K.L.:
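The structure follows.
The structure presented is a predicted model; accordingly, all values stated were derived computationally and were not measured.
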2 protein chains.
Amino acid sequence: MDALSVAQRKLMPEMSELLKKRYQILQTIYLEQPIGRRTLSEVAGATEREIRKETDLLRNQQLIEMKTAGMTVTSQGVEVLEKLKVFVREISGLTDMEMELQTILGISKVVILPQDSDEIPAVKSHIGKEAARLLEVLFGRYKKIAVTGGSTMAAISKELSIGKPNRALQFIAARGGLGEDVLHQANTIAAAFAEKTGGSFKTLYLPDHLSVEAFAMMMKEPVIKEMMDLYDQTDIVVHGIGNAEEMAVRRHSSLEEVEKIRSGGAVSEAFGYYFDKDGKIVYRIRTAGIQLEQVQKASTILAVAGGGSKARAILSYFKNAPNPTVLVTDEGAARKIIELTKKLEEL
Amino acid sequence: MDALSVAQRKLMPEMSELLKKRYQILQTIYLEQPIGRRTLSEVAGATEREIRKETDLLRNQQLIEMKTAGMTVTSQGVEVLEKLKVFVREISGLTDMEMELQTILGISKVVILPQDSDEIPAVKSHIGKEAARLLEVLFGRYKKIAVTGGSTMAAISKELSIGKPNRALQFIAARGGLGEDVLHQANTIAAAFAEKTGGSFKTLYLPDHLSVEAFAMMMKEPVIKEMMDLYDQTDIVVHGIGNAEEMAVRRHSSLEEVEKIRSGGAVSEAFGYYFDKDGKIVYRIRTAGIQLEQVQKASTILAVAGGGSKARAILSYFKNAPNPTVLVTDEGAARKIIELTKKLEEL
DNA sequence: TTTAATGGGACAAAAAACGTCCAGCTAGAA
DNA sequence: TTCTAGCTGGACGTTTTTTGTCCCATTAAA
């Protein structure tokens, strides 16, 4: 940050918070436009009054327009968003925090987005957008992309821009149906990615909790075998990170499974594997899907997870995560991770 | 101004005013330190409450310190003042206004300081400080400086910094006592300049309103003659600009004089000359002192005058002012001058 | 010792911000 | 076409903040 900005912040300390707030509102309008006052207040995590005050101002400044359909960002508004992007990151201390997280997690790249997606739903979209941008760059070089499920992954698919169709891209569902609701299943996500980019997709339909025998049988099926081969050729893996217990509950795991997860001290979950606080594999769901070794062979791994509640899980997963992994997360998670790490060091 | 600042101002329009206000308060404290809340509120033209609110904040930001003797600016505060100086000028539009005034007045350099000295007494000190800085640079090249009287000139003398004494400097009172109070007479000012810079000074003591005979007689006196010769060698002339009627009143001019001044449509006054709205000389006080031709021969002429009330006078004086003149003024005067000029153009 | 200035505390009055409705309108779905 | 969900803008009592204005104990200088 230049000396001018430092002096400015010194003389007007209230400016930082205000700027961040307005920026976030403007950005959210941009992302969700057209959007109304009430909807915006929910998604931006602010009261209706506050939204109203700020949007009135934004309109006076000709950064947004209000029509009967809702509010939209003007070209001037877009420009302001672009010009202030780096600055907002700096006054939030995000750039510094990214460096810190890279050291803590032992990976080469971390991208942190402002705010906490636990508190402000719109932040999830921002994370999705950022991940989408990163992916789009990679699409130039790599064509085989394995994707997992989850709401975060769904957010990415929403933010993929519909440029010129890229028929070479192949999206592979990293797992079969894992008991999650359809919208957030890997299969659905893979289809969504393919639709947005103009690529193709491969799904894996295999029920959970098969008996050992049935599982062995299925693995011999050509359809399934083909997928297993595809996993070997994967260039990019895009996946979320979940809280172990939450995932177990959401997947309606059997009592036996829950017991193993719990007794093993599982903290995090990613592509069907459960990890304890030291990053050791505690349990893995016995179902078809990408294997850890296959993930590790990929050229690029993109992990996406945000919200303070995910901090422990992220920390756990990255104890033994492959080094080329890139993490996209948010301020809430980042702060919590740093806090947890500091506490641990004190002991 | 860079794109970042433009975007920032777009998103936070209230920032500009706030920044200007705080900057001005901080600057005033710096100039008058140590100073108390009440005194500051008078000199800065703000209510006690407002001053209190802002100074509390400035203290929290460690830009000022509050002791029992009053408030003082910390080193951090000084730094902020320096770093933001140019920026404050820009957001006030002063840089643009300077260019505009240069065109309107037909001179090569104008310096405008924020605010209006009519409303805020402290602005006079700021003008004085700026003029003092400009002069100090010139002192390197030029040694013979003629100075007039007036409160503005007094403000300059107060702000001259006491560097290493410069014995070569010679300050010459441009006029004799003109009926003003002693503190603001040219003689006193010349002495003050000399004291601050370590130079010498020459005074001219000659009563006002002499009869024609007595005047002729005095002009033959060696003491007086010496001064007249000095005026011929003057390098720099520093002078204020006054409102014609005000000056006439302050100098207790005779009825006859006042009548001449009034009937002639005099608007401005400078070193004893009265000018009408077109810059024509309407009247000149018959007393010893520098002559207009001598002023015009000087290498540099520094005119200093501020406050909206001086706008007409400044405009009048500069109709025929020598081109190498530099004007130091304030925002109040500058805005009024521009306003008046625009009105004139419309007719 | 006196005096004039200082920062800090206090508090009622005024102003601004806030939460929360409702009315009227419009675009898109049915 | 009608219907409906979602939009903006207006309104208003309540709460919170800001403002104006004192006084007081303290301190540095005269």
K.L.:
Once you build an axis from the first five pairs and another from the last five of the helix from C/dT1-D/dA30 to C/dA30-D/dT1, how far apart in angle are they, to 10 degrees?
P.N.:
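Axis angle across the helix from C/dT1-D/dA30 to C/dA30-D/dT1, nearest 10°: 30°.
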K.L.:
Taking for each residue the nucleotide of DNA chain D bearing the nearest heavy atom, is the 5' side occupied by A/Met71 or by A/Arg49?
P.N.:
A/Met71
K.L.:
D/dC7 P sits how many Å from A/Arg52 CZ, rounded?
P.N.:
14 Å
K.L.:
Indicate whether OP1 or OP2 belonging to C/dG19 is found under 4.0 Å from a side-chain N or O atom of A/Thr47.
P.N.:
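Yes, because at least one side-chain N or O of A/Thr47 sits under 4.0 Å from OP1 or OP2 of C/dG19.
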K.L.:
Closer than 4.0 Å, any side-chain N/O of A/Thr68 to the OP1 or OP2 of D/dG6?
P.N.:
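Result: no.
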K.L.:
Of all the heavy-atom pairs spanning B/Met97 and B/Ile338, show the shortest one and how long it is.
P.N.:
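Here B/Met97 and B/Ile338 meet closest at CG-CD1, 3.3 Å.
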K.L.:
Does a side-chain N or O from B/Thr39 land closer than 4.0 Å to OP1 or OP2 of C/dT6, or not?
P.N.:
yes
K.L.:
Under 4.0 Å from OP1 or OP2 of D/dG9: is there any side-chain N or O of A/Arg59 that close?
P.N.:
yes
K.L.:
What is the distance, to the nearest angstrom, from the CD1 atom on A/Ile51 to the P atom on C/dG19?
P.N.:
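The distance from CD1 of A/Ile51 to P of C/dG19 comes to 11 Å, rounded to the nearest Å.
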K.L.:
For B/Arg37 and C/dG9, what is the distance between atoms CZ and P respectively, to the nearest whole Å?
P.N.:
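Distance check: B/Arg37 CZ to C/dG9 P gives 10 Å.
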K.L.:
Do the side chains of B/Arg133 and B/Glu136 get close enough for a salt bridge, i.e. N-O under 4.0 angstrom?
P.N.:
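Looking at B/Arg133 and B/Glu136, the cut-off is met.
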K.L.:
Taking A/Lys21 first and then A/Glu50, would you say they form a salt bridge - that is, a charged N and a carboxylate O separated by under 4.0 Å?
P.N.:
yes
K.L.:
Which of these, B/Leu31, B/Leu135, B/Ile127, sits in a side chain to side chain contact (heavy atoms under 4.5 Å, CB included) with B/Glu159?
P.N.:
B/Leu31
K.L.:
At 4.0 Å (heavy atoms only), tell me whether B/Glu48 reaches a base, stays on the sugar-phosphate, or touches nothing.
P.N.:
base
K.L.:
Rounded to whole Å, please give me the gap between CG in B/Asp56 and P in D/dT17.
P.N.:
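Distance, rounded to whole Å: 16 Å.
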K.L.:
In terms of side-chain geometry, is the basic nitrogen of B/Lys53 or B/Asp56 positioned less than 4.0 Å from the acidic oxygen of its partner?
P.N.:
no
K.L.:
Is the distance from OP1 or OP2 of C/dA17 to the nearest side-chain N or O of A/Lys53 less than 4.0 Å?
P.N.:
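So the side chain of A/Lys53 is outside the cut-off, no N or O lying under 4.0 Å from OP1 or OP2 of C/dA17.
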K.L.:
Roughly, in whole Å, what's the span from CD1 in A/Ile35 to P in C/dA27?
P.N.:
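One finds 19 Å between P of C/dA27 and CD1 of A/Ile35, rounded.
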K.L.:
Starting the side chain at C-beta, find the nucleotide from C/dC22, D/dC24, C/dT20 nearest to B/Arg38.
P.N.:
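Shortest atom-to-atom distance from the side chain points to D/dC24.
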K.L.:
Expressed in angstrom and rounded to an integer, what is the separation of B/Glu14 atom CD from C/dA17 atom P?
P.N.:
10 Å
K.L.:
Please report, rounded to the nearest Å, how far the P atom of D/dT18 is from the CG atom of B/Leu57.
P.N.:
12 Å
K.L.:
Looking at B/Arg335 and B/Glu339, is any side-chain nitrogen of the basic one under 4.0 Å from a carboxylate oxygen of the acidic one?
P.N.:
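Answer for the salt bridge query: no.
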K.L.:
Please give, in whole Å, the distance from D/dG9 C1' to A/Ile64 CD1?
P.N.:
14 Å
K.L.:
Could you verify whether a donor N or O on one side chain and an acceptor N or O on the other, from A/Arg37 and A/Thr55, lie under 3.5 Å apart?
P.N.:
no
